[in-house]
Amino acid sequence: MPDVRRVTDALRRWAPILKVLAVLWVVLAMFMAIPLLILIVEGEPDAMAFGLSIAIVLAAAALSWLVTWRVPISLKPWQMFVLTTLSWVTISGFASLPLALGAPQLTLTNAVFESVSAITTTGSTILVHIEELSDGLKLWRGIMQWLGGIGIIVMGIAILPFLKVGGMRLFHTESSDWSDKVMPRTGGIAKATLSIYCGFTALAALAYYLGGMTPLDAVVHAMTSLATGGFANSDASFGAYAEQPQLLWMGSLFMLCGALPFVLYIRFLRGSRLALVRDQQVQGLLLLLLIVILALTAWRIGQGSAPFTSLTHVTFNVISVVTTTGYASDDYSAWGAMPVVAFFYLTFVGGCSGSTSGGMKIFRFQVAMLLLRNQLRYLIHASGVFVSRYNNQPLTDDITRGVVAFSFFFFLTVAGLALGLSLLGLDLITALTGAATAVTNVGPGLGETIGPAGNFAPLPDAAKWLLCAGMLMGRLEILTVLVLLTPMFWRQ
């Protein structure tokens, strides 16, 4: 009886998690069917790989649902932590099946690395001769990143604020008609966000097609631009269109659209026309981009590059790195020492909270500057009382504690991952920038191996697994994963 009771209790605790996972797996299988249909029409042998992958995913979903179908879905806080992590891990695992079973015949390590990079919208790749892949696999790479992009937005709106590791609470401004109703109405907001995300993707695909891309390239680049993922259909990344500046400017625009808070798009559509302009986070991101783009453009012109060409490529690559997209239109590591250092710093920034971007997010830097300013004031006026405000709201202890804790563990994670990579024989530049680009979900690192003109294929398998862990931790805001490692968490 005690054993039966323990099994029953365990099932009751885990059933809601398994039930939600089953639904997510079914959605993944539905999206797998899209490239499957294309491959069947084209008569490609990869169709068998997708068919078998769909069968495996649906079998796992059916088993999970049969075990838990009588249990209602009612998630407690600890279950949301577990579900958040398990959903990304399992979906990444299942999404790797077509890559392992299909034409590339990737090893388990390489297939998982590619899928984790896609689902987390990192954009690092181990594939070469991407142009030779079947249309179905090219589309699947884009779909994986597109799903990861919408997934992080919904998680950022619905889950991370509750877990006190995200920054979405900063969007509760008095000027909004639904300022304090964001959390109770997450279902409606998620639907509106999905509509906007799909609308932007369709608009980007049309613009890319009219700009000169093939229909398949237009669709894939639209999905990976809005997801700020960076997968392209060429080994040269977006450099395949380096001689078509109109496409580079379109790419810059759509990457930026993906890096802005989707909640503000909803407010704009609901009548708050100045929502984007007034937001402190958006202002900070645009100001940073303007300063860096002007500085690096002046540097490139000083080296003898043509002004318009310099402005085009600098704008594209700076936005790509800051938004953590990871496209490259040129090998910026060959621009000189100053740009290389600048791009390394930009790797950590990220876009806005509530967007598809990774990185630390611009709001954390802004909050840190407010805390620093207050600390300097206290040194001068020890008895003073200073209230910091962000987006017309006073900064709460929850937000400041979250920023400090996240920032500390963020850099600790990068440092620990870099140390692990160096122990595997990687050089300093590869280890350090590889760790940074994984945790920030940017994609390319620096150096000859994993730089903008390189590839992650030469790295040892152990290094790829470490980078997978780094990509997942970075995408899940680190603390969401670390809390699972504490004994206190499992005593609940």
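Note: hydrogens, waters and symmetry copies are ignored here, and every other heavy atom, side chains too, is used. What you see is a predicted model; the values in this text were computed from it and never measured. For this chain, numbers begin at 1 and follow the sequence in order.
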Quiz prompt | Cationic N near anionic O, under 4.0 Å, Lys464 to Glu114 | solution =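 Salt bridge flag = no for Glu114 with Lys464.
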Student check: side-chain heavy atoms of [X] and [Y] closer than 4.5 Å:
X: Leu376; Y: Ile380; value: no
X: Leu99; Y: Asn110; value: no
X: Thr121; Y: Thr324; value: no
X: Ile478; Y: Val439; value: yes

[X] side chain to [Y] main-chain N or O, any donor-acceptor pair under 3.5 Å?
X: Asp331; Y: Ser333; value: yes
X: Asn455; Y: Thr449; value: no
X: Thr85; Y: Val82; value: no
X: Asn441; Y: Ala438; value: yes
X: Ser355; Y: Gly351; value: no
X: Thr201; Y: Tyr197; value: yes
X: Asp461; Y: Thr109; value: no
X: Gln145; Y: Met223; value: no

Looking only at the side chains, is there a donor atom on one of [X] and [Y] sitting less than 3.5 Å from an acceptor on the other?
X: Trp25; Y: Thr90; result: yes
X: Arg364; Y: Ser407; result: no
X: Thr356; Y: Thr228; result: yes
X: Thr430; Y: Asp427; result: yes
X: Ser388; Y: Asn374; result: yes
X: Trp146; Y: Thr224; result: no
X: Thr122; Y: Ser124; result: no
X: Gln280; Y: Tyr390; result: no
X: Ser353; Y: Gln281; result: no

Quiz item: Of the options Ser237, Ser320, Ser225, which is the one that meets Tyr327 in a side-chain hydrogen bond (donor to acceptor under 3.5 Å, both in side chains)?
Solution: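 Considering Ser237, Ser320, Ser225, a side-chain hydrogen bond (donor to acceptor under 3.5 Å, both in side chains) with Tyr327 is found only for Ser225.
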Over all heavy atoms of both residues, which pair between [X] and [Y] is shortest? Give the atoms and the distance, please.
X: Ser329; Y: His313; value: OG-ND1, 2.8 Å
X: Ala435; Y: Val414; value: CB-O, 3.5 Å
X: Ser115; Y: Ser92; value: OG-O, 2.7 Å
X: Trp299; Y: Gly336; value: CZ2-CA, 4.5 Å
X: Ser117; Y: Thr120; value: O-OG1, 3.5 Å
X: Met144; Y: Ala95; value: SD-CB, 3.6 Å

Do [X] and [Y] make the cut of ring centroids closer than 6.0 angstrom?
X: Phe200; Y: Phe254; result: no
X: Phe365; Y: Phe348; result: no
X: Tyr265; Y: Phe268; result: no
X: Phe231; Y: His221; result: no

Self-check item: Partners passing side-chain contact (heavy atoms from CB on, under 4.5 Å) against Leu253 (at least two apart in sequence or in another chain)
Solution: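 Leu253: side-chain contact (heavy atoms from CB on, under 4.5 Å) contacts with Cys257.
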Quiz item: Step by step, would you call Leu285 with Leu289 a side chain to side chain contact (heavy atoms under 4.5 Å, CB included)?
Solution: CA-CA 6 Å; Leu285 176 63; Leu289 290 174; 4.2 Å; yes
Quiz item: Between OG1 of Thr309 and CD1 of Ile301, what distance do you get to the nearest 0.5 Å?
Solution: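 So the OG1 of Thr309 and the CD1 of Ile301 are separated by 10.0 Å.
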Quiz prompt | Candidate pair Leu296 and Asn317, rule side chain to side chain contact (heavy atoms under 4.5 Å, CB included), full reasoning | solution = CA-CA 11 Å; Leu296 290 183; Asn317 288 283; over 6 Å; no
Quiz prompt | Asp279, Ile362, Thr323 screened by side chain to side chain contact (heavy atoms under 4.5 Å, CB included) with Cys352, the one that passes | solution =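 With Cys352 as partner, side chain to side chain contact (heavy atoms under 4.5 Å, CB included) holds for just one option, Ile362.
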Quiz item: Would Val314 and Tyr332 count as a side chain to side chain contact (heavy atoms under 4.5 Å, CB included) if you check the C-alpha gap in whole Å, the side-chain angles of each, and the deciding distance to 0.1 Å?
Solution: CA-CA 9 Å; Val314 167; Tyr332 48 76; over 6 Å; no
Counting only heavy atoms not in [X] (residues, nucleotides, ligands), do more than 12 fall under 6.0 Å from its [atom1]?
X: Met369; atom1: CE; result: no
X: Phe411; atom1: CZ; result: yes
X: Glu448; atom1: CD; result: no

Practice problem: Please test Thr347 against Thr433 for side chain to side chain contact (heavy atoms under 4.5 Å, CB included), starting from the C-alpha separation and ending with a verdict. | Solution: CA-CA 9 Å; Thr347 298; Thr433 63; over 6 Å; no
